[in-house]
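We name chains A, B, ... by the order of the sequence lines, and we start the count at 1 in each one.
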2 protein chains.
Amino acid sequence: MVEVFMTETPAAPAMLDRGRGIALWHQIASAIERDIIRGHWTPGARLPTEATFTERFGVNRHTVRRAMESLEQRGMIRVEQGRGSFVAEDVLEYPLGSRTRFSENILRQKKEPQGRILGITTIAAEGAIAAALGLRRGRPVLRVERLGMANGTPIVIGTHHFPLPRFEAMPASLAQNASITVALAACGVRDYQRVRTRITARMPTADEATLLHQARIRPLILAEAINADAEGRPVDFTLSCYASGRVQIVVEGE
Amino acid sequence: MVEVFMTETPAAPAMLDRGRGIALWHQIASAIERDIIRGHWTPGARLPTEATFTERFGVNRHTVRRAMESLEQRGMIRVEQGRGSFVAEDVLEYPLGSRTRFSENILRQKKEPQGRILGITTIAAEGAIAAALGLRRGRPVLRVERLGMANGTPIVIGTHHFPLPRFEAMPASLAQNASITVALAACGVRDYQRVRTRITARMPTADEATLLHQARIRPLILAEAINADAEGRPVDFTLSCYASGRVQIVVEGE
DNA sequence: CCTGAGGAGACGTCTAGACAACTAGATACG
DNA sequence: CGTATCTAGTTGTCTAGACGTCTCCTCAGG
């Protein structure tokens with residue numbers, strides 16, 4: 001996770017009004033909230049430590065902890081033992097339906113979708129991949145690893161599998177536009193639909209945690225999905241890893 | 001409010017497992033929760049004091065306070081400075097619509113409606129009463145004060161005003177059945193509808209607080225309503241006081 | 001170069017005391 | 001009999017210290 005330390009000083013100790021009927025912890029919470037709303041710290045940014053706030057506000061550490069607790073209770077910040085406190089980030093709602101499209105999902109929530117191709121390799125389809133795509137084991141498939149982002153914030157790592165040679169033109173398209181939908185169109189698949197999605201969760205690898213800008217202790221949401229073309233032929237078998245702290249899967253009735 | 005002190009002892013200090021990785025405050029909160037769920041304390045009952053729990057569990061008062069705070073956060077209990085902690089009570093949803101009927105509202109939420117007539121007097125209609133009922137000032141009206149309950153718990157004090165002599169048979173009916181709807185039917189009004197409802201809030205008098213089993217610091221929700229018969233003639237002008245901690249008015253579009 | 005251990009930083013828990021603020025009940029006075 | 005005051009009970013706030021637990025980074029050894 002990208003952690004930002006702002007240099008501007010937030011609310012000064014002078015702001016605290018002892019004996020005015022408003023608890024110190026409440027004043028401190030309000031001051032921190034004001035700075036968050038004012039943009040001193042952006043979503044995801046790490047807040048100063050308890051010790052720092054203790055010094056700044058000139059109060060006991062437990063008083064600061066009481067203030068932080070109230071902010072966390074309101075969903076404004078996130079406190080993690082051993083790591084620090086962070087400004088809460090918006091949780092993205094990610095609907096999974098028959099016509100799931102990454103860019104559309106992101107645009108619908110007024111965010112800018114971006115994609116970055118992490119790697120393209122050709123592998124032999126085995127096990128679940130072959131089964132899902134209806135291929136004989138050993139047949140070649142194009143494996144595309146893609147990082148999906150919303151407003152520059154990593155959201156999902158998608159590992160796609162496309163049968164070859166049908167989709168051999170994919171790499172050329174992806175080189176110009178990191179959109180799976182556009183690349184599929186370039187290969188003659190102008191429309192496709194979700195056949196099935198399976199959702200589970202697991203802990204991320206170090207690389208996945210780094211790519212998704214999340215703590216290694218934060219689980220991933222995994223979605224295993226099959227997409228088919230208009231004729232019902234499987235075109236894509238995808239394994240997606242979502243940053244669980246930042247994405248919430250919404251499964252609607254189909 | 002009726003406050004009940006159970007004689008049975010809840011979770012004993014022996015239940016606490018120090019050094020087992022589960023925080024003491026969490027164990028205490030779970031023990032209290034278990035006793036609430038088990039029925040040791042009924043909704044509305046006052047819980048033992050912080051000092052009592054401190055003794056029972058053999059821990060510091062702040063540890064107990066941390067446990068109580070977590071229970072309050074989950075809506076399981078209600079903590080009031082200077083008074084004590086109470087088991088939270090279900091909040092009754094009370095819809096106000098064109099066909100508001102006390103008994104139907106209560107039954108719809110699977111509770112047993114009860115009524116108790118507090119008093120019946122004849123007064124001269126003045127001010128708002130005369131205006132609302134379309135009467136000349138000074139005309140006699142029957143004033144009926146009624147306590148509405150759900151499962152024996154007081155919900156509302158309703159002060160009804162019925163024009164005389166049209167409703168002179170009301171007392172006889174109410175003597176047998178404390179139902180306003182039944183009494184109106186006995187006087188020939190088989191159906192009626194809400195004309196208008198005005199909602200506001202105020203602090204209760206000592207008597208009202210006692211009747212509604214609530215603290216004097218807890219405000220009342222007031223509803224001022226006019227009901228009319230099928231011909232549109234006003235039949236009832238009602239002032240209702242609802243226990244705000246136990247009732248939530250739901251106003252639907254008409 | 002990779003892995004493990006150690007140390008430093010940061011939050012979590014528990015104890016303890018003191019005083020503030022609120023509430024309820026009892027008592028006294030008009 | 002009603003009102004005001006006082007006292008005791010109960011929760012709220014703030015301070016303070018000590019130690020536990022988690023995380024991350026650095027360094028040393030294989």
Side-chain angles (χ1 to χ4, degrees), chain A residues 1-3 5 13 16-30 45-55 57-73 77-86 203-204 206-207 209-210 213-218, chain B residues 1-3 5 13 16-30 46-55 57-73 77-86 203-207 209-210 213-218:
Chain A
M1 170 173 303
V2 173
E3 292 162 7
F5 289 84
L16 295 193
D17 236 333
R18 287 175 184 266
R20 283 288 302 271
I22 303 179
L24 289 182
W25 68 263
H26 197 272
Q27 295 182 49
I28 293 168
S30 295
R46 191 164 78 152
L47 293 164
T49 64
E50 291 177 359
T52 304
F53 278 133
T54 295
E55 285 176 40
F57 290 107
V59 296
N60 191 265
R61 181 190 162 213
H62 296 277
T63 306
V64 168
R65 284 182 57 76
R66 182 69 188 87
M68 306 302 279
E69 184 181 21
S70 82
L71 289 170
E72 183 179 38
Q73 218 180 109
I77 69 172
R78 206 179 69 252
V79 183
E80 291 180 30
Q81 181 178 359
R83 296 191 75 236
S85 305
F86 306 86
M203 303 308 290
D207 286 343
T210 301
H213 288 189
Q214 72 167 57
R216 285 211 54 186
I217 56 165
R218 182 72 64 81
Chain B
M1 171 174 303
V2 173
E3 291 162 10
F5 289 84
L16 294 193
D17 239 333
R18 285 174 186 267
R20 284 286 301 270
I22 302 179
L24 289 183
W25 69 262
H26 197 272
Q27 294 182 49
I28 293 167
S30 295
R46 192 166 78 155
L47 293 162
T49 65
E50 289 175 2
T52 304
F53 279 133
T54 295
E55 284 177 41
F57 290 108
V59 297
N60 191 268
R61 183 189 161 215
H62 295 278
T63 305
V64 168
R65 283 183 60 77
R66 184 67 189 84
M68 306 303 279
E69 183 181 21
S70 81
L71 289 169
E72 183 177 37
Q73 221 180 105
I77 69 171
R78 204 178 72 249
V79 184
E80 291 179 32
Q81 180 178 1
R83 295 190 76 235
S85 305
F86 306 86
M203 304 308 289
T205 65
D207 284 344
T210 301
H213 289 189
Q214 71 167 58
R216 287 211 53 187
I217 56 167
R218 180 73 62 84

[X], nearest nucleotide to its side chain (from [options]):
| X | options | answer |
| --- | --- | --- |
| A:V79 | C:dA16, C:dC11, D:dG17 | C:dC11 |
| B:L24 | C:dT15, D:dT13, C:dC11 | C:dT15 |
| A:E50 | C:dG12, D:dT15, D:dT13 | C:dG12 |
| B:Q81 | C:dT15, C:dA21, C:dA24 | C:dA21 |

Starting at [atom1] of [X] and ending at [atom2] of [N], how long is that distance when rounded to a whole Å?
| X | N | atom1 | atom2 | value |
| --- | --- | --- | --- | --- |
| A:R18 | C:dC19 | CZ | C1' | 13 Å |
| A:L16 | D:dT13 | CG | C1' | 14 Å |
| A:E80 | D:dT21 | CD | C1' | 14 Å |
| B:I22 | C:dC14 | CD1 | P | 11 Å |
| B:W25 | C:dT15 | CH2 | C1' | 17 Å |
| A:L47 | C:dA10 | CG | P | 13 Å |
| A:I28 | D:dT13 | CD1 | C1' | 12 Å |
| A:N60 | D:dG12 | CG | P | 19 Å |

Respond yes when some side-chain nitrogen or oxygen of [X] is under 4.0 Å from OP1 or OP2 of [N], and no when none is.
| X | N | result |
| --- | --- | --- |
| A:S85 | C:dC11 | yes |
| A:T49 | C:dG9 | no |
| B:R83 | C:dA24 | yes |
| B:R46 | C:dT23 | no |

DNA chain D: A:G82 or A:V59, which has the more 5' nearest nucleotide?
->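 Final value for this comparison: A:V59.
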Which comes earlier along DNA chain D counting from the 5' end, the contact point of A:A23 or that of A:R61, where each point is its nearest nucleotide?
->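 Nearest nucleotide further toward 5': that of A:A23.
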Start with the C-alpha gap between A:V59 and A:R18, add the side-chain angles, then the distance that decides, and say whether side chain to side chain contact (heavy atoms under 4.5 Å, CB included) holds.
-> CA-CA 11 Å; A:V59 296; A:R18 287 175 184 266; 3.7 Å; yes
Sequence neighbours left out, cut at 3.5 Å: what donor-acceptor pairs do the side chains of residues 23-30 of chain A make with other protein atoms?
unit_1	atom_1	unit_2	atom_2	d
A:Q27	OE1	A:D17	N	2.6
A:Q27	NE2	A:D17	O	2.8
A:Q27	NE2	A:I22	O	2.8
A:S30	OG	A:H26	O	3.0

Residues which pass salt bridge (Lys or Arg N to Asp or Glu O under 4.0 Å) with B:R65, listed by chain and number, not counting sequence neighbours = B:E50
Can you see which heavy atom on A:F57 is nearest to which on A:L16, and at what distance?
->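 Nearest heavy atoms, A:F57 then A:L16: O-CD1, 3.5 Å.
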For A:L47 and A:F53 the tightest heavy-atom approach is CB-CE1, 4.5 Å
Taking only heavy atoms on the protein side, list every residue of residues 65-72 of chain A lying under 4.0 Å from any atom of DNA chain C, sorted numerically.
-> A:R65
Got a second to check how far B:M68's CE is from B:R61's CZ, nearest 0.5 Å?
-> 11.5 Å
Atom pair CD/CD of A:E69 and B:Q73 - distance to nearest 0.5 Å =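 A:E69 CD to B:Q73 CD: 6.5 Å, rounded to 0.5 Å.
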Residue whose nearest DNA chain C nucleotide is more 5′ - A:G84 or A:H62 |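 Nearest nucleotide further toward 5': that of A:G84.
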Looking only at atom types and distance, does a side-chain atom of A:R83 sit under 3.5 Å from a main-chain N or O of A:R46, one as donor and one as acceptor?
-> no
